[in-house]
Asks: 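One structure, pasted below without further comment.
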Amino acid sequence: MSCATARRVISSTRSCVTDPHDYIRLLEACTQSNSLAHGQTVHQHLVKNSYRDSPVVLDKLTRFYISCHQLRLARRVFDTIPIAGKKHNVILWNQMIQAYAWNGPLNNAVELYGNMIENGVVPSKYTYPFVLKACAGLQDVEVGKEVHESVKRDGLESDVYICTALVDFYAKCGCLDDAREVFDKVCGRDVVTWNAMIAGFSLHGMHGDLVRLVAGMQEAGLRPNSSTVVAILPAIGEANALWEGKAAHGYCVRRWFHGDVVVGTGLLDMYAKCGCLSYARRIFDVLGVKNEVTWSAMIGGCVTCDSTREALELFDRVMLEDAMIPSTVMLGIVLRACAKLTDMRRGRRIHGYTIKSGSVLDLMVGNTLVSMYAKCGVIDDVMVFFSEMAFKDTVSYGAVISGYVQNGNAEEALEVFRKMQLSGIKPDLATLIGFLPACSHLAALQHGACVHSYCIVRGLTADTSLCNALIDMYCKCGKIDMARLAFDRTSGKDVVSWNAMIGGYGVHGLGNEAVSLFHDMQAIGVKPDDVTFIGLLSACSHSGLVAEGNCWFAAMSRDFSILPRVEHYLCMVDLLGRAGLLNDAYNLIQKMPVRPDVRIWSALLAACRIHKDIELGEEVSKNIQSLGAEGTGNFVLLSNIYSAAGRWNDAANVRTVQRDKGYKKSPGCSWVEINGVIHAFIGGDRSHPQSTLITKKLDELLAEMKKLGYCAESSFVLHDVEDEEKEKILLYHSEKLAVAFAVLSLSPNKPILVTKNLRVCGDCHTALKFITIITKREITVRDASRFHHFRDGTCNCGDFW
DNA sequence: ATAGGGTTAG
């Protein structure tokens with residue numbers, strides 16, 4: 001019966017159909033012509049005429065609905081067929097499962113397969129590939145393995161189709177060994193089998209195996225097709241293997257694949273990931289057919305390659321000219337661009353759009369929004385949005401945690417990390433890497449060490465970035481030996497590992513160790529970068545290694561082709577200035593190829609204070625003020641220079657100017673971790689619950705200190721007050737409060753680590769030496785520039801900071 | 001074929 005005839009029959013006969021075969025023929029015709037409306041009319045008729053009990057008719061009806069992509073209707077009809085009527089109709093089960101496997105929901109495919117087994121329906125060899133496809137999509141290893149067992153039981157282990165599906169399933173689930181095992185047993189592997197295997201290795205970034213596989217495929221006499229190329233391109237991009245990328249591109253041109261949208265998109269994405277944005281753009285421009293994915297890949301490539309403006313231009317163009325409706329992927333890419341540019345206005349606009357389109361509900365888009373607000377520094381908006389997210393995963397928490405860390409609020413990061421664990425979400429690698437800097441910042445050793453144990457238990461310590469974060473954490477928590485241990489145990493050290501360790505030695509005043517490690521680094525063949533030299537030069541500076549510092553500063557551009565940045569000059573000015581070579585420091589500033597900024601002059605001013613050079617101090621101070629910079633610290637330094645020289649009037653004048661200009665000294669804050677809790681103190685602060693005890697302890701210590709010859713160094717006080725008052729003000733400096741609290745809270749044999757946001761004050765530095773004698777404790781203070789290890793009345797900085 | 005949070009220095 002032709003379609004036209006069928007249609008005529010349907011419209012004329014209405015209720016005259018009596019033979020079920022007529023229905024069957026009608027439904028077949030509707031299926032062929034894909035006419036949903038007619039088929040539904042037939043459906044109504046057969047319901048009226050009680051043919052709904054005929055399995056044969058219902059079989060046809062189910063297939064009709066499947067072919068019209070009406071899966072729900074198909075399923076409803078399918079379910080009305082009694083099990084007896086479909087027990088031997090595997091083909092119908094297969095069709096339903098196939099439909100689900102192709103169009104979703106995938107778990108329906110798996111569920112239906114379960115029903116089938118439960119009801120004693122024997123699967124055919126066509127059943128397995130569909131179920132496996134669903135398992136691959138769902139990453140359902142358990143069911144997939146059951147299917148594999150059935151395949152073995154049915155003796156289908158060498159069937160190419162089934163085995164290809166098995167390889168694909170294992171590969172997508174990351175069970176590459178299983179995939180390999182099946183793959184090796186297949187007789188008559190074809191291109192699709194190879195592609196499944198190749199795609200699996202590509203998906204899991206196993207670059208080396210991938211290259212061998214593609215070669216193996218060609219040796220077996222099979223030609224890679226466009227799917228093969230498309231599968232390997234992401235891996236090439238990820239490995240930054242430009243040379244192989246170009247080879248793949250050449251192959252595409254030879255085989256005439258390069259005009260294909262999917263291949264073209266893959267190629268341009270690969271080039272962008274390899275950092276060759278211009279190649280990517282050329283492919284994009286000549287590609288005849290572009291779809292939404294092509295545009296997304298191009299725009300995302302621009303973002304990756306730091307051509308963020310170009311990315312937004314392209315986005316505007318496609319939105320305006322092509323009136324494209326952006327997908328969630330596209331929106332995520334554009335939000336990342338906004339984050340990179342800290343373009344919050346556009347970010348908010350896109351956020352509005354995602355609300356309208358419903359994409360906000362997409363977890364990835366939501367997480368990108370969190371990160372966008374965090375990178376723009378509006379942490380309040382981060383929290384509002386984050387708390388409203390219906391679903392949060394470890395990435396959401398990771399974005400908030402690192403958002404807090406990036407905005408200098410490590411304590412909040414600690415709190416969010418705790419909440420995350422309470423809500424039952426396990427931190428993954430990236431979350432931990434993002435969280436560790438919070439521990440580093442706070443010198444929260446107990447939290448940091450806890451993370452370390454967790455990483456060991458979870459087997460995450462093979463990751464270089466994680467080890468780097470651990471090295472840094474131990475350095476910043478004062479545990480330089482633990483840092484070195486972590487460093488030594490880091491396999492695959494990269495430049496960041498070396499930099500972290502060298503910088504760590506530097507801030508601990510272990511300049512020689514830093515230099516020696518720098519030599520090791522070169523011996524092993526790791527190329528130092530600009531950060532390495534910042535760490536190395538500042539290490540020399542903290543340890544007074546003038547000759548070494550000069551030598552490496554000269555070498556960095558000469559032997560390593562790294563042009564010194566302002567930061568490097570800063571280290572050198574610091575190095576020379578501290579060593580008392582004020583003229584050399586001044587000359588270096590004069591020779592700088594870039595204009596010296598406030599930081600440079602401040603470093604020199606600090607040196608002037610140490611070496612009591614009033615004349616140069618005044619000149620430097622003028623330079624600073626002429627830059628229009630509101631460096632409060634500079635007023636303090638200059639005033640200190642005058643006070644130290646006994647020129648009290650000049651010192652007072654500086655303070656008056658400072659006050660008139662409205663500059664306030666940023667408050668000094670110190671903190672200490674006791675049993676995993678951070679206790680913070682501000683100078684003169686009495687808000688701590690144990691304030692009375694702390695004050696009492698400090699008074700006791702003061703009395704003892706005086707007996708040993710301590711005398712308050714009032715040049716470190718800015719206020720115009722009497723000497724006894726000055727003594728009190730100094731006594732309640734934040735670092736002393738924190739130390740006193742630690743003395744009260746920690747058992748006598750435990751070392752104390754106090755952290756301060758500014759540089760430690762000179763009087764406190766002296767006082768702490770006395771306190772180590774009185775309490776017989778080791779006290780470490782980490783200030784804004786380095787560690788001070790106090791022990792038996794001395795500090796390892798040699799009063800040289 | 002396109003997408004989210006992460007390590008060093010300043």
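Order of the sequence lines fixes the chain letters, A, B, ..., with proteins taken first and strands second; residue numbering starts at 1 for each chain. Just the heavy atoms: all of them, side chains too, but no hydrogens, waters or symmetry mates, feed the values below.
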Asks: Among B:dT7, B:dT2, B:dG5, which nucleotide has an atom closest to any side-chain atom of A:A399?
Replies: B:dG5

Asks: Base, sugar-phosphate or nothing for A:D428? Non-hydrogen atoms, less than 4.0 Å.
Replies: base

Asks: May I have the distance from A:F533 (atom CZ) to B:dT8 (atom P), rounded to whole angstrom?
Replies: 20 Å

Asks: Which is true for A:V230 with a 4.0 Å heavy-atom rule: it touches a base, it touches only sugar-phosphate, or it touches nothing?
Replies: sugar-phosphate

Asks: Side chain of A:L429 only, heavy atoms from C-beta on: which candidate in B:dG6, B:dG5, B:dT8 is closest?
Replies: B:dG6

Asks: Of the candidate nucleotides B:dT7, B:dT2, B:dT8, which contains the atom at the shortest distance from the side chain of A:A500?
Replies: B:dT8

Asks: Tell me: CG of A:L536 to P of B:dT8, nearest whole Å?
Replies: 19 Å

Asks: Less than 4.0 angstrom between a side-chain N/O of A:T431 and OP1 or OP2 of B:dG6, yes or no?
Replies: no

Asks: Does A:Q406 make a side-chain N or O approach to OP1 or OP2 of B:dG6 shorter than 4.0 Å?
Replies: yes

Asks: For A:I333 and B:dA1, what is the distance between atoms CD1 and P respectively, to the nearest whole Å?
Replies: 15 Å

Asks: Mind checking salt bridge (charged side-chain N to carboxylate O under 4.0 Å, His left out) for A:D597 and listing every partner two or more places apart, or none if nothing turns up?
Replies: A:R599

Asks: Can you tell me which nucleotide in B:dG6, B:dT8, B:dA3 comes closest to the side chain of A:I433?
Replies: B:dG6

Asks: To the nearest Å, give me how far apart CG (A:L537) and C1' (B:dG10) are.
Replies: 13 Å

Asks: Taking N and O atoms by type only, does the side chain of A:D393 place a donor or acceptor under 3.5 Å from a partner on the base of B:dG5?
Replies: no

Asks: State which of B:dT2, B:dG6, B:dA1 makes the closest approach to the side chain of A:T265.
Replies: B:dA1

Asks: Pick one: which of A:F417, A:Y454, A:Y404 meets ring-ring contact (aromatic ring centres under 6.0 Å, His included) with A:F435?
Replies: A:F417

Asks: State, yes or no, whether a side-chain contact exists between A:E513 and A:H508 at a heavy-atom distance under 4.5 Å.
Replies: no

Asks: Nearest of B:dA1, B:dT8, B:dA3 to any side-chain atom of A:N291?
Replies: B:dA1

Asks: Tell whether A:D529 reaches the base of B:dA9 with its side chain through a donor-acceptor pair below 3.5 angstrom.
Replies: no

Asks: Answer with base, sugar-phosphate or nothing: what part of the nucleic acid does A:G332 contact at a heavy-atom distance below 4.0 Å?
Replies: nothing

Asks: Between A:K375 and B:dG6, is there a side-chain N or O to OP1/OP2 distance below 4.0 Å?
Replies: yes

Asks: Between A:K476 and B:dT7, is there a contact of a side-chain N or O with OP1 or OP2 at under 4.0 Å?
Replies: no

Asks: Which of these, A:F560, A:W552, A:Y569, sits in a ring-ring contact (aromatic ring centres under 6.0 Å, His included) with A:F533?
Replies: A:F560

Asks: Classify the nucleic acid contact of A:S497 as base, sugar-phosphate or nothing, counting any heavy atom under 4.0 Å across all strands shown.
Replies: nothing

Asks: Between A:H441 (NE2) and B:dA9 (P), how many Å, whole number?
Replies: 12 Å

Asks: Of the nucleotides B:dG6, B:dT8, B:dA3, which has the atom closest to the A:A430 side chain?
Replies: B:dG6

Asks: Could you check which of B:dT7, B:dA9, B:dA1 has an atom nearest any side-chain atom of A:I534?
Replies: B:dA9

Asks: Please state how far atom CG in A:L570 lies from atom P in B:dA9, giving the value in whole angstrom units.
Replies: 14 Å

Asks: Do the charged groups of A:R349 and A:D343 touch, with an N to O distance under 4.0 Å?
Replies: no

Asks: Could you check whether A:K419 makes a cation-pi contact with A:Y397, meaning its NZ or CZ is under 6.0 Å from the centre of the six-membered ring and within 45° of the ring axis?
Replies: no

Asks: Considering residues at least two apart in sequence or located in another chain, which fulfil the salt bridge (charged side-chain N to carboxylate O under 4.0 Å, His left out) criterion with A:D381?
Replies: A:R348

Asks: Rounded to whole Å, how long is the line connecting atom CG of A:N468 with atom P of B:dG6?
Replies: 16 Å

Asks: Which nucleotide wins on minimum distance to the side chain of A:S465, given the candidates B:dT7, B:dA3, B:dA1?
Replies: B:dT7

Asks: Is A:L363 touching bases, backbone alone, or none of the nucleic acid, heavy atoms closer than 4.0 Å?
Replies: base

Asks: Would you tell me if any nitrogen or oxygen in the side chain of A:K273 comes within less than 4.0 Å of OP1 or OP2 on B:dA3?
Replies: yes

Asks: Could you check how far CE of A:M364 sits from P of B:dT2, rounded to whole Å?
Replies: 12 Å

